[in-house]
Amino acid sequence: MGRSEEIGRIGQSHHWVRGNVPLCSQCMVCGQQCGSQPKLCDYRCIWCQRTVHDDCMGGDLKTENCDLGEFRSLIIPSNYLWAVKQLKRSKNVDYMKLIASMGRNWTPLIVLANTRSGNNMGEVLVSEFKGLLNPLQVFDLSKTSPFKALQLCSILPPNSAKVLVCGGDGTVGWVLDAVDEMKIKGQENFIPQVAVLPLGTGNDLANTLGWGAGYAGEVPVEQILRNVMEADSTKLDRWKVQVTNKGYSLRKPKVMSMNNYFSVGPDALMALNFHTHREKTPSLFSSRLVNKAVYLFYGTKDCLVQECKDLDKKVELELDGEKISLPNLEGIVVLNIGYWGGGCRLWEGMGDEPYPLSR
């Protein structure tokens, strides 16, 4: 059985909307061009994105089942959500028969967008993704927390959902922490695969995973969805960093997640200053270029002040139980990924100097 038939068995009808027809689209009935004469081409299905001339619209099209179009494997149909709601009302939480009706190729997508990231493209992307998918599967993280949004996974096929995080590395870390919380709450069977649309300033994690160094609208949203459908899965090591006070203390050790890298020194100081500045005046950080300029300011300032000078005299480094003799330095970086500081590959070194394999 074809994919369109499998997905269509849930019984989702076309939802025709008058107007807002893309230019140079094609009528699904007569095959003639739509958009060049707006008066003749009045209808577009919000699910499959097909268009129909006003003159070609017949009663059978209004009742015909919709195959949900190119992105059928990513869309969560409204009829599916309605059926889940009916099951909940009957106190039946076994969704397996309903899930089976969607077919084996269904890998629904949840979009999580941080509208404050990088160049503030989040709001535009939220609107565009809602136009191609079900609006109920697209979330603005300034209004809904990642953990709450990911609860949608619990009514989807086990281990099949995908999440597209639109934001910087900090947003990705926020979502991965929410995934950890799902595991703690016993939802291991509903953990989604995570894809990234890099909207932040550095985007080192997205760059490492092959999603690029930064998105500025150069690729259509439709192509982004195709990339998500075609992407291969890979595993990412994640670490816990524990910060404890010297001597006796009543405070619990502070534990943080590490996805990219952990550092002590000027880069950490720059990141802290940047974060503090952005929290005080978020309106100033409206583009990736402005954000990098602020990083440059704090980096130049540290070159002059050198607050982290002689760090080797203030810290001890121990690896695998072996104390490491430190040269004169200002910073220590523990890398988990290939990129650091907005695209630098530290481990490859400078010039022709050979570096050993990382371990």
Side-chain angles (χ1 to χ4, degrees), residues 112 114 117-119 162-180 191-216 218-219 223-224 227-228 230-242 256-272 274-275 288-289 291-292 294-296 298-299 302 308 311 315 317-320 322 324 326-327 329-359:
L112 306 179
N114 186 350
S117 287
N119 50 6
K162 297 180 179 181
V163 170
L164 176 62
V165 182
C166 306
D169 288 344
T171 306
V172 178
W174 190 17
V175 173
L176 292 178
D177 285 342
V179 170
D180 287 342
I191 300 301
Q193 299 178 59
V194 179
V196 185
L197 183 61
L199 302 182
T201 305
N203 303 310
D204 290 313
L205 181 57
N207 208 359
T208 299
L209 295 175
W211 294 102
Y215 177 76
E218 64 277 5
V219 178
Q223 185 58 47
I224 294 169
N227 292 343
V228 172
E230 296 169 1
D232 295 323
S233 298
T234 186
K235 291 188 176 181
L236 174 71
D237 289 333
R238 299 182 66 228
W239 302 81
K240 295 292 184 184
V241 177
Q242 182 171 293
M256 298 170 286
S257 299
M258 185 189 89
N259 304 312
N260 294 10
Y261 34 76
F262 162 73
S263 64
V264 178
D267 59 326
L269 181 61
M270 278 190 289
L272 176 61
F274 176 88
H275 174 74
R288 190 176 291 129
L289 185 62
N291 293 354
K292 289 190 175 182
V294 175
Y295 268 113
L296 177 63
Y298 283 120
D302 185 72
C308 303
L311 184 66
V315 302
L317 178 63
E318 187 179 288
L319 299 176
D320 293 335
E322 179 185 349
I324 306 299
L326 297 174
L329 49 78
E330 291 187 48
I332 297 174
V333 182
V334 180
L335 291 170
N336 185 46
I337 59 177
Y339 289 95
W340 167 90
C344 299
R345 295 189 68 88
L346 282 186
W347 194 259
E348 292 181 355
M350 303 275 294
D352 298 327
E353 183 181 358
Y355 265 61
L357 291 174
S358 59
R359 62 183 177 88

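Excluded from the calculations below are hydrogen atoms, water molecules and symmetry mates; all remaining heavy atoms, backbone and side chain alike, are included.
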Partner residues of [X] under the side chain to side chain donor-acceptor pair (under 3.5 Å) criterion, sequence neighbours left out:
{"X": "K240", "result": "S257"}
{"X": "D204", "result": "Y261"}
{"X": "D267", "result": "S263, W340"}
{"X": "Q223", "result": "R226, N227"}

Intermediate values then yes/no, side chain to side chain contact (heavy atoms under 4.5 Å, CB included), F262 and L335: CA-CA 7 Å; F262 162 73; L335 291 170; over 6 Å; no
Which atom names give the shortest non-hydrogen contact between [X] and [Y], and what distance separates them?
{"X": "T171", "Y": "N114", "value": "OG1-ND2, 2.8 Å"}
{"X": "V196", "Y": "A206", "value": "CG1-CB, 3.7 Å"}
{"X": "T208", "Y": "G338", "value": "OG1-N, 3.8 Å"}
{"X": "C308", "Y": "L269", "value": "SG-CD2, 4.5 Å"}

Not counting sequence neighbours, which residues clear side-chain contact (heavy atoms from CB on, under 4.5 Å) with [X]? List them please.
{"X": "L176", "result": "V172, V194, L236, R238, N259"}
{"X": "V228", "result": "L109, K162, L164, A195, W211"}
{"X": "D237", "result": "W239, N336"}

Euclidean distance, N203 CG relative to L209 CG, rounded to 0.5 Å: 11.5 Å
Rounded distance (nearest 0.5 Å) linking atom CG of N260 with atom CG of D169: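 Those atoms lie 4.5 Å apart.
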Side-chain (E218) to main-chain (A216) donor-acceptor, under 3.5 angstrom: yes
N/O donor-acceptor pair under 3.5 Å between D177 side chain and W174 backbone: no
Min side-chain heavy-atom separation L197-V165 under 4.5 Å: no
CD (E322) with more than 12 external heavy atoms under 6.0 Å: no
